[in-house]
Amino acid sequence: MTKFEYAPAPESRAIVDIKPSYGLFIDGDFVDGHGKSFKTISPSTEEVLAEIAEADDADVDLAVKAARRAYTRVWSKMSGAERGKYLFRIARIIQERAREFAVLESIDNGKPIKETRDVDVPIVAAHFFYYAGWADKLSYAGYGPDPQPLGVAGQVIPWNFPLLMLAWKIAPALACGNTVVLKPAETTPLTALLFAEVCQQADLPPGVVNIVTGAGETGRAIVSHPGVDKVAFTGSTDVGRAIAKAVAGSNKRVTLELGGKAANIVFDDAPVDQAVEGIVNGIFFNQGHVCCAGSRLLVQESVAEEVLAKLKRRMKTLRVGDPLDKNTDVGAINSAEQLAKIRELSEIGEAEGAERWSPKCDLPQNGFWFPPTIFTGVSQAHRIAREEIFGPVLSVLTFRTPKEAVEKANNTPFGLSAGIWTDKGSRILWMASQLRAGVVWSNTFNKFDPASPFGGYKESGYGREGGRHGLEAYLR
Ligand code: NAP
Ligand code: MG
């Protein structure tokens, strides 16, 4: 039997103009760094995209000083309504340049254009619109009659949602009257640098936003700089721990958005076909490079066979490949290091006795690829059930009673998110009250909205981003 195939439908790259090299964005201008430079590549082809400046301590110092000047002289003095105008302008420019951002993000990160176009970039614009609306209403946010900004925010973000994490950091900080120094991840600096151009286009006063590219050392220089009043970090629990230690004893305020190992819980009365879509979205969206990914499937024993059969059938239809092809569901793994980590944990999963399954799929020759994978026969003690794999790998466990589902779901050092699939509203409410997770989705998964707060318990970090709650991190 010949299988129906879609013709390739590649999105054109013509809309993006990638320069051969980029400087740092400090005080409203692109400047050469004092340090070395590094290359950013396309993870789907390993093609070198551009040479990027690596900010050293002196560069970070310049950026923090520029942010301080802008804070004292301009931004903290401006009325909320005026600040809001800039944020609205930025939001509109992002919408106007949405296709450019979507294509560039796909190229630099490896994620499918379908997702950057329909998820990342629209939510980025929505986030700026949302916080633009708060800028002149801070007195009504519930943080006192006249809440004040903190000063200079040092912000460090990961590579999995480069532009979206930037928006989550910059929009609330600016709305509240802070200025920022932000470091994108080493492997995905390009959309942050395009955002710097948007700041120029919006006539944002120089120094309000500073983008310093680099790797871990640059991040360390930002969070430990004495001129930074507030540290906002999204990334791994290990680095989060190091940052918490680095700022302990200082006056800096800190929010940490760290890892996760979410349970996606399917009860026997769940609408199975919808649940299967939710499982697929929960773990294969963004190649599973998602902190709140539903990486542990907890399925009620009585329906486990049916759910797994349908899940496997659905996984056979996932299209893995060129991120710029509009039909692609699963793109490239972001880096060789991340691919090595996914492979290692998957091998450990097999060695510990779990059963591994992937649909047959032809992976491209160049670039970093991992097929959508599930592990069955997983026990709670297995490392693949405990550690974040951060890739397209699902660990399947079963349960018999709601109580057992809660115990297993909460049996993790993390607490970022969870999903519940059931027909019963009362069960959804009971489960939600029992689960130690910052976000609980019911009969859906991986839904993000600027108005709802996002953040974790336990080793998933502290502080909330999004919604009214997201303002608290940037106000005195
Ligand atoms: P990571 O290694 O912790 O890196 C995050 C950022 O911190 C990067 O920009 C990194 O620089 C920088 N960095 C590294 N060492 C540092 C140090 N000592 N001081 C300051 N900054 C430092 O995390 P990742 O592997 O890129 O990202 C994946 C992790 O992020 C996962 O654990 C995921 O769960 C988590 N995440 C959480 C959320 C959430 O909202 N809770 C959202 C997305 C991702 P370079 O990488 O450029 O070297
Ligand atoms: Mg890259």
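For ligands, and for the atoms within them, numbers begin at 1 and follow the listed sequence. For this chain, numbers begin at 1 and follow the sequence in order.
Within the 4.0 Å heavy-atom shell around ligand 1 one finds F454. Ligand 1 lies out of reach of G240, whose nearest heavy atom is not under 4.0 Å from it. Residue A185 places a heavy atom less than 4.0 Å from ligand 1.
Neither the backbone nor the side chain of A242 has a heavy atom within less than 4.0 Å of ligand 1. With a 4.0 Å heavy-atom cut-off, ligand 1 is reached by the side chain of N160 but not by its N, CA, C or O. Within the 4.0 Å heavy-atom criterion, the part of V156 lying near ligand 1 is the side chain and not the backbone. Of the heavy atoms in L416, only side-chain atoms (C-beta onward) come closer than 4.0 Å to ligand 1.
Here the protein heavy atom with the shortest distance to atom 46 (O) of ligand 1 is E186 N, 4.2 Å. Ranking the protein heavy atoms by distance from atom 31 (C) of ligand 1 puts E388 OE1, 3.4 Å first. At the top of the distance list for atom 3 (O) of ligand 1, counting protein heavy atoms only, stands S236 OG, 2.6 Å. If you check which protein heavy atom lies closest to atom 36 (N) of ligand 1, you get C291 CB, 3.4 Å. Closest to atom 10 (C) of ligand 1, if we only count protein heavy atoms, is K183 NZ, 4.0 Å. The protein atom (non-hydrogen) at minimum distance from atom 35 (C) of ligand 1 is G235 O, 3.1 Å. In terms of protein heavy atoms, atom 14 (C) of ligand 1 is closest to G216 CA, 3.6 Å.
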Stepwise ring-ring contact (aromatic ring centres under 6.0 Å, His included) check, F454 with W168 | CA-CA 10 Å; F454 184 93; W168 284 21; 5.1 Å; yes

Show the numbers, then the answer: is there a salt bridge (Lys or Arg N to Asp or Glu O under 4.0 Å) between E344 and K341?
-> CA-CA 5 Å; E344 187 195 344; K341 191 181 145 195; over 6 Å; no

Given salt bridge (Lys or Arg N to Asp or Glu O under 4.0 Å), test K36 with D56 step by step and report yes or no.
-> CA-CA 8 Å; K36 298 176 298 220; D56 68 5; over 6 Å; no

Could you please spell out the steps behind the salt bridge (Lys or Arg N to Asp or Glu O under 4.0 Å) verdict for K65 and D27?
-> CA-CA 9 Å; K65 286 187 172 134; D27 212 10; over 6 Å; no

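Of the candidates K114, R319, K111, D329 forms a salt bridge (charged side-chain N to carboxylate O under 4.0 Å, His left out) with just one, namely K114.
Figure legend: cation-pi geometry between K230 and Y474, with NZ or CZ positioned under 6.0 Å from the six-membered ring centre and within 45° of its axis.
Ion pairing between a basic and an acidic side chain is recognised when a charged N comes within 4.0 Å of a carboxylate O; R476 and D229 show no such pairing. A salt bridge between R356 and E350 is present, with a side-chain N of the basic residue lying under 4.0 Å from a carboxylate O of the acidic one. A salt bridge does not link E47 with K39: none of the charged nitrogens is closer than 4.0 Å to a carboxylate oxygen. One finds no salt bridge joining R464 and E257 here, because no Lys/Arg side-chain nitrogen approaches an Asp/Glu carboxylate oxygen to under 4.0 Å.
Among the backbone and side-chain atoms of T187, an N/O/S atom is found under 2.8 Å from the Mg ion (ligand 2).
Atom 5 (C) of ligand 1 has its nearest heavy-atom neighbour, among L258, T234, V239, in T234.
On a distance-only criterion, F390 and ligand 1 share no N/O pair closer than 3.5 Å. By the 3.5 Å distance cut-off applied to N or O atoms, W168 is not counted among the residues near ligand 1. Polar contact with ligand 1: present for W159 (N/O pair, distance under 3.5 Å).
Residue-ligand proximity, F233 to ligand 1, at heavy-atom distances under 4.0 Å covers atoms 3 (O), 5 (C), 6 (C), 7 (O).
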